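Worth saying up front: this structure is predicted, and the values here are computed from it rather than measured. To find a chain, count down the sequence lines: A is the first, B the second, and so on, and within it residues start at 1.
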Amino acid sequence: MRVRPLPKNFYLPTAAEIAPELLGAIVKTRIRGLTTTGRIVEVEAYIQGDEACHANRGKTRRNASMFGPPGHAYVYRIHQSFCLNLVTGKKGIGEAVLIRAIEPLKGVRIMQRRRKGAKGRLLTGGPGRVCQALGLNLSHDGLPLSGPVLTVLTGSAPGEIETSGRIGISKNVTAFLRFFDPTSAYLSR
DNA sequence: GTATCGATGATCT
DNA sequence: GATCATCGATACC
């Protein structure tokens, strides 16, 4: 099966619906001529009316991308790390899916260099590690997910999917909005 | 204006 | 398990 970009309307449903569908998809970056790809194995949905969602208190400069059209990136900073989200739902809703872990596919050398030699789950297991391995930072906030720099491609769905509460948040911790491939060796925990 | 707090990760013990 | 780096967004005065 040929790998191709996800259709534009793929991102139209709610984040909770799309999140499990993204497991197995391929995220690809081409930055300064360096191409890296990975298979998505862990995501979290941040949805309307969700206290843990950055968009919950309205549009600000930081979260503006969440209120833009779906199919674009929302990249934000947390301490000295960056996190990559895929904006979903109808424009203006403010929902997104956080990419928490990928399995490295292409450009492993490049990712290891960016990650200072890290291996295994320390290479790409965790949202900040994903961004560092893929070379993403705040300058990539708002980019389309079907562009030359950042692309999300079709892949193969995992054999099984597990859900759990989300990680690292203090509000709405009981909502089962984390989705992951339990067989992956690259989960964030 | 100042204070507080992270959707984290690295480095300890 | 505990601590902390480090900085932008947000809350508060």
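Rounded to a whole Å, the CZ atom of A:Arg62 is 10 Å from the C1' atom of B:dC5.
Nearest nucleotide to the side chain of A:Arg100, out of B:dT8, C:dT10, B:dA10: B:dT8.
Residue-level contact check: A:Tyr46 touches the bases, meaning some heavy atom is under 4.0 Å from a base atom. Heavy atoms of A:Arg166 sit nowhere under 4.0 angstrom from any nucleic acid atom. When heavy atoms are screened at a 4.0 angstrom cut-off, A:Arg189 is found touching no nucleic acid atom at all.
Judged by atom type and distance alone, A:Tyr76 does not reach the base of C:dA9 through any side-chain donor-acceptor pair under 3.5 Å. Below the 3.5 angstrom threshold, one finds a donor paired with an acceptor across the side chain of A:Gln80 and the base of C:dA5.
Toward the 5′ end of DNA chain C lies the nearest nucleotide of A:His79, the other residue of the pair A:Arg57 and A:His79 mapping further downstream. Mapping A:Leu84 and A:Arg115 onto DNA chain B by nearest heavy atom places A:Leu84 at the nucleotide closer to the 5' end. Comparing A:Ala52 and A:Leu122 by the nucleotide of DNA chain B that holds the closest heavy atom to each, the one mapping nearer the 5' end is A:Ala52.
Taking only side-chain nitrogens and oxygens, A:Arg129 comes nearer than 4.0 Å to OP1 or OP2 of B:dA10.
Annotation: A:His54 is in aromatic contact with A:Tyr76 [ring centroid separation under 6.0 Å].
Checking A:Ser146 against A:Thr151 by side-chain atom types alone, no donor-acceptor pair falls below 3.5 Å.
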